[in-house]
Amino acid sequence: MRYDNFAEIEHKWQAKWLMEKPYAAVTGDARPKFYALVEFPYPSAQGLHVGHPRPYTGMDIISRKRRKEGFNVLFPMGWDAFGLPTENYAIKHKIHPAIVTAENVKQFRKQLQMLGFGFDWDREVDTTDPHFYKWTQWIFLQMFKNGLAYRAEMPVNWCTSCKCVLANEEVVDGVCERCSSEVVRKNKSQWMLKITAYAQRLLDDLADVDYIDRVRAQQTNWIGRSEGMEVDFATTEGDTLRVFTTRPDTLFGATYMVVSPEHGLLEKWMPSLANAEEVREYQSQAAKKSDFERTEMAKDKTGVRLQGVSAINPVTGEEIPIFISDYVLITYGTGAIMAVPGHDERDWAFAKKFGLPIVEVIAGGNVDEAAYTNTDTGVVINSGFLDGLSVEDAKVRVGQWLEEKGLGEKRVNFKLRDWVFSRQRYWGEPIPIVLCEKCGHVALPESELPLLLPEVENYETTDTGESPLAAMTEWISTTCPQCGGPAKRETDTMPQWAGSSWYYLRYLDPKNAEALVGKPAMDYWHQVDWYNGGMEHTTLHLLYSRFWHKFLYDIGVVPTKEPYAKRTSHGMILAEDGEKMSKSRGNVVNPNDIVDEFGADTFRLYIMFMGDFEKAAPWSSQAVKGCKRFLDRVWNLMETKVPGDESFSPEHEVLLHQTIKKVGEDIDSLKFNTAIAALMTLTNTFSETKPSRGDIKVFLSLLSPFAPHIAEELWEIQGFAGTAMGTPWPQYDSAKLVASELEIAVQVGGKLRATVVIPLDAAEAEVLEIVRQNEKMQRNLEGMEIAKIIYVKNKLMNLILRPAGN
RNA sequence: GCCGGUGUGGCGGAACAGGUAGACGCCCGGGACUUAAAAUCCCGUGGGACUAACGUCCCGUGCCGGUUCGAUCCCGGCCACCGGCACCA
């Protein structure tokens with residue numbers, strides 16, 4: 001019989017699980033705790049897509065194994081529901097985003113339950129729920145009070161036709177995604193969060209967490225710490241032009257300087273510039289460029305030389321030209337650089353283009369051909385008192401010299417920038433701040449939280465680029481909490497990243513009205529043990545939430561410095577054609593179709609079996625069948641009760657122990673594909689020699705994390721005690737992992753020539769004797785003598801031969 | 001341009017830590033069952049040469065070289081593809 005009544009069986013168990021709540025996490029339980037987390041989804045109108053369940057299934061399998069190992073597991077789910085698509089849908093269909101969200105959430109929840117995930121549904125959170133965002137606002141207020149939230153002028157993308165602020169995502173090829181009109185950069189005063197204050201700690205504490213290498217590397221590079229010096233250059237206008245450099249050792253080679261188009265000194269110099277017009281034109285061109293264009297990897301360097309102002313190289317005393325160019329960014333360092341074309345590739349390219357002198361100050365390369373950037377072996381030349389020093393020594397020496405003269409100081413710089421926290425949008429958390437004419441920006445009292453989103457007529461940004469909330473005159477007008485005078489509410493809202501920066505904490509105590517998390521829950525769970533999520537969230541979400549967590553640690557809300565003890569990542573599921581699945585390409589696979597045709601267990605097995613969990617893998621509608629056939633075979637073998645005791649059959653004993661070991665280790669290292677392959681291998685041998693009752697029991701116990709419905713059904717049919725999911729994870733006996741005899745390879749000069757069967761752990765002499773008896777080897781050995789034997793126990797014997805008798 | 005990753009049969013992918021390359025699955029071919037088909041079960045399945053056959057040998061993990069008794073794995077140099085990017089001084 002095939003396993004064709006899967007729909008009925010899966011519904012039966014899902015209904016039972018909803019009733020009996022076997023996945024409920026118990027705060028304060030005596031068992032050791034294990035908090036498994038997956039990134040909560042954005043509930044879009046399209047519903048669940050086959051990409052979502054891949055990480056959920058992976059962590060579900062791990063959670064189920066941990067439960068069987070005796071852990072009190074917390075595996076929660078929720079909704080990251082604020083955001084653009086819902087807002088755009090609301091604008092288009094004139095439906096309140098809250099209603100759209102509720103419908104989408106309902107659909108997502110139903111689909112997730114259909115897949116049999118062991119989420120604790122009593123802990124569901126929703127970032128758009130005022131009971132939740134009350135605490136998002138609360139955290140913002142604490143940051144404001146601690147000086148981590150501040151106002152700054154920042155450029156935004158402005159669509160000249162829609163007259164609204166666009167997210168980077170809405171700017172496609174420099175034009176508005178919706179109307180294809182020109183997008184320009186416009187400065188706007190915005191709320192910023194000072195993540196840079198935590199840069200060093202975000203970097204240092206990576207040492208204390210278990211993140212996979214590529215996540216750690218990406219975070220490290222994003223934070224981008226570099227040690228160098230700030231050096232002051234005098235100018236012919238009598239100012240000081242300060243630069244940051246990591247290579248003060250090359251100071252003698254600095255033949256020109258470059259400032260960013262936004263540099264503050266430019267305005268002051270303007271009257272002295274012979275080509276002020278040209279400079280202004282360059283500035284306005286640079287300002288027009290979107291972030292995307294400006295950072296696009298221009299092959300050609302552009303720039304304008306300032307005519308009438310130059311700088312003095314402090315060590316050579318030479319006058320050197322100053323340029324303005326957009327390859328220098330105002331947001332990094334001091335917004336100005338000293339250019340050393342001999343030893344920096346970008347400076348070299350720029351110098352070649354503008355015909356500037358290139359001076360070699362580190363020996364070892366040929367600066368006429370290319371910049372020489374090797375710092376390890378180079379020796380300093382053409383550099384006065386630095387001549388003959390290594391790069392490293394020269395850095396120290398010139399540093400001392402600059403410090404003595406008061407011309408420079410040591411400085412650590414980070415690439416990491418502060419976080420622009422304002423959005424001119426409706427569907428986000430209102431920022432709980434009022435602007436008082438007398439007192440300035442004032443925090444709302446905590447007693448007034450949550451500050452609810454008001455009902456508005458229109459969800460679109462206003463013509464002036466303000467949030468839709470700006471049109472709510474009644475809501476805006478308020479009184480200052482500090483002086484009681486007239487004041488206005490902040491009308492910007494928070495970005496989608498806000499709620500997701502702390503949601504994992506709310507799962508610990510989701511219904512607490514008095515605190516973000518109550519003390520008992522915080523003390524018991526304290527940290528996520530294992531967080532799996534996409535690589536695309538490595539630099540933004542993951543870093544933002546680490547930042548918020550550290551802040552909460554500093555103000556005594558959480559007991560740990562880091563939110564996640566362990567972070568792993570999964571690969572994307574691609575469409576059958578190897579391309580990304582997307583609605584526009586029309587290649588999206590809907591999980592509902594697969595579940596209808598094959599069942600949830602087959603679906604779960606396939607997305608885990610399809611390839612390496614950590615790498616991208618294309619969908620195959622053909623290959624799904626293989627997993628269904630596997631379950632058919634399992635069903636066929638076990639659908640009638642097998643009598644007997646619960647011991648292993650002698651024929652399968654070794655393989656069973658091997659499989660227990662393999663499946664267990666593979667789950668813990670995310671190798672779900674090979675774990676399933678091992679279960680398939682076991683099933684194949686069961687087809688040859690029927691499994692005993694004991695064999696079946698262990699098999700179902702191993703299968704249950706992957707395919708929980710069929711495992712429970714067969715468990716019930718066999719009449720085993722309890723449930724498959726509740727039965728302890730099987731243990732293997734190391735002594736029984738290997739048979740008494742095994743086959744090893746015999747090589748001659750490293751090439752396979754034969755295989756022989758030897759007793760386990762046989763000694764070299766014994767194996768050699770067996771090899772000499774082997775017919776094939778006798779042919780190989782004829783007329784030869786053995787010069788050398790390499791024997792690897794239980795693996796192979798490699799013989800090095802030479803002609804006999806010489 | 002920079003950073004990160006990946007290249008293994010017709011396909012998805014295995015191969016602990018340098019030790020029998022291709023587990024497991026898909027596709028495909030042959031057979032059994034069937035009036036027939038589907039489903040199922042059994043057998044075969046990296047390429048090539050030789051053999052009536054049992055078999056035997058050669059080649060083979062993107063390319064070129066190196067280390068080693070032995071390399072998909074380590075080292076050097078290329079090529080291709082994928083992903084990310086904030087030209088980071």
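A note on names: the letters A, B, ... follow the listed sequences, proteins ahead of strands, and every chain is numbered from 1.
Salt-bridge formation is detected for the pair A/E785/A/R802: a Lys NZ or Arg NE/NH1/NH2 atom is positioned less than 4.0 Å from an Asp or Glu carboxylate oxygen. Between A/E227 and A/R225, at least one side-chain nitrogen of the basic residue sits less than 4.0 Å from a carboxylate oxygen of the acidic one, meeting the salt-bridge criterion. Salt bridge present: A/R242 and A/D232 bring a charged side-chain N and a carboxylate O closer than 4.0 Å. Taking a cutoff of 4.0 Å between a charged side-chain nitrogen and a carboxylate oxygen, A/D347 and A/K352 do not qualify as a salt bridge. For the pair A/K671 and A/E614, the salt-bridge criterion is not met [side-chain N within less than 4.0 Å of a carboxylate O].
Nucleic acid contact class of A/K776 (heavy atoms, under 4.0 Å, all strands): sugar-phosphate only. Across all strands shown, A/R633 has heavy atoms under 4.0 Å from sugar-phosphate atoms exclusively, and none from any base. Note on A/R225: nothing from the nucleic acid sits closer than 4.0 angstrom, heavy atoms only. A/T246 comes within 4.0 angstrom of the backbone, heavy atoms only, and of no base. A/N221 comes within 4.0 angstrom of the backbone, heavy atoms only, and of no base. Counting non-hydrogen atoms under 4.0 angstrom, A/I676 reaches nothing in the nucleic acid. Residue contacts shown for A/A616 are limited to sugar-phosphate atoms, with no base heavy atom under 4.0 Å away. Within the 4.0 angstrom heavy-atom criterion, only backbone atoms of the sugar-phosphate kind lie near A/N684; the bases stay farther away. No engagement by A/Q218 is indicated, since no non-hydrogen atom pair under 4.0 Å with the nucleic acid exists.
Listed nucleotides: B/rU20, B/rC24, B/rC57. Nearest to the side chain of A/E743: B/rU20. Of the candidate nucleotides B/rA89, B/rC27, B/rC87, B/rA89 has the atom nearest to the side chain of A/I337. Of the candidate nucleotides B/rA89, B/rG12, B/rG19, B/rG12 has the atom lying nearest to any side-chain atom of A/F609. Ranking B/rA15, B/rA89, B/rC27 by closeness to the A/K671 side chain, first place goes to B/rA15. Side-chain proximity of A/W222 to B/rU20, B/rA86, B/rA39: nearest is B/rA86. For A/Y332, taking side-chain heavy atoms from C-beta onward, the closest of the listed nucleotides B/rG13, B/rC88, B/rC26 is B/rC88. Among the nucleotides B/rG13, B/rC69, B/rU40, the one closest to any side-chain atom of A/P618 is B/rG13. Considering only side-chain atoms of A/L752, the nucleotide from B/rG12, B/rA86, B/rU20 that sits closest is B/rU20. Listed nucleotides: B/rG13, B/rC27, B/rU20. Nearest to the side chain of A/Q622: B/rC27. Here the side chain of A/I800 is nearest to one of B/rC24, B/rA89, B/rC69, namely B/rC69.
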Give RNA chain B the dot-bracket treatment, 5' to 3': Watson-Crick (N1-N3 with N6-O4 or O6-N4) or G-U (N1-O2, O6-N3) under 3.5 Å, [ ] crossing, | other strand. (((((((..(((......[....))).(((((.......))))).(((((....)))))..(((((..]....))))))))))))....
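At whole-Å resolution of the value, NE2 in A/H570 and P in B/rG5 are 18 Å apart. Atom-to-atom, CE of A/M680 to P of B/rA23 comes out at 14 Å; the value is rounded to the nearest Å. Atom NZ in A/K615 sits roughly 11 Å away from atom C1' in B/rA14 (whole-Å rounding). Straight-line distance from the CE atom of A/M338 to the P atom of B/rC88: 16 Å, rounded to whole Å. Between the C1' atom of B/rU20 and the CG atom of A/L796 lies a distance of 8 Å, rounded to the nearest Å. A/L655 places its CG atom 11 Å from the P atom of B/rC24, with the value rounded to the nearest Å. Separating the CD atom of A/Q778 from the P atom of B/rU56 is a distance of 14 Å, rounded to the nearest angstrom. Between the NZ atom of A/K751 and the C1' atom of B/rC58 there is a distance of 8 Å, given to the nearest Å.
Projected onto RNA chain B by closest heavy-atom contact, A/T674 and A/G749 fall at different nucleotides, the more 5' of which corresponds to A/T674. Nearest-nucleotide positions on RNA chain B place A/A217 closer to the 5' end than the other of A/S226 and A/A217.
In this structure, the side chains of A/L799 and A/K788 stay at 4.5 Å or more apart for every pair of heavy atoms. Side-chain contact between A/L637 and A/K690 is present, with heavy atoms from C-beta onward closer than 4.5 Å.
Remark: the separation of the C1' atoms in B/rC58 and B/rU51 is 15 Å, to the nearest Å. Between B/rC79 and B/rG22, the distance separating the two P atoms is 33 Å to the nearest Å. Separating the C1' atom of B/rG18 from that of B/rG9 is a span of 24 Å, rounded to the nearest Å. Remark: the separation of the C1' atoms in B/rC27 and B/rG44 is 14 Å, to the nearest Å. Using P as the reference atom, B/rA71 and B/rU67 are 12 Å apart when rounded to the nearest Å. Between the P atoms of B/rC43 and B/rC26, the separation comes to 14 Å (whole Å). Between the P atoms of B/rA15 and B/rG7, the separation comes to 12 Å (whole Å). If you take atom C1' in B/rG25 and the same atom in B/rA80, they sit 28 Å apart, rounded to whole Å.
Close to B/rU6, at under 4.0 Å from its OP1 or OP2, lies no side-chain N or O of A/R214.
Glycosidic torsion of B/rG9 falls within 90° of 0, placing the base in syn.
Taking the six-membered ring for Trp, A/Y256 and A/F323 have ring centres closer than 6.0 Å.
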Evaluate A/Y332 against A/K415 for side-chain contact (heavy atoms from CB on, under 4.5 Å), listing each step before the verdict. CA-CA 7 Å; A/Y332 184 77; A/K415 286 188 209 172; 4.2 Å; yes
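For the residue pair A/Y327 and A/S260, no side-chain donor N or O sits within less than 3.5 Å of a side-chain acceptor on the partner.
Below 30°, between 30° and 60°, or above 60°: for A/W635 and A/Y3 the angle between ring planes is between 30° and 60°, a tilted geometry.
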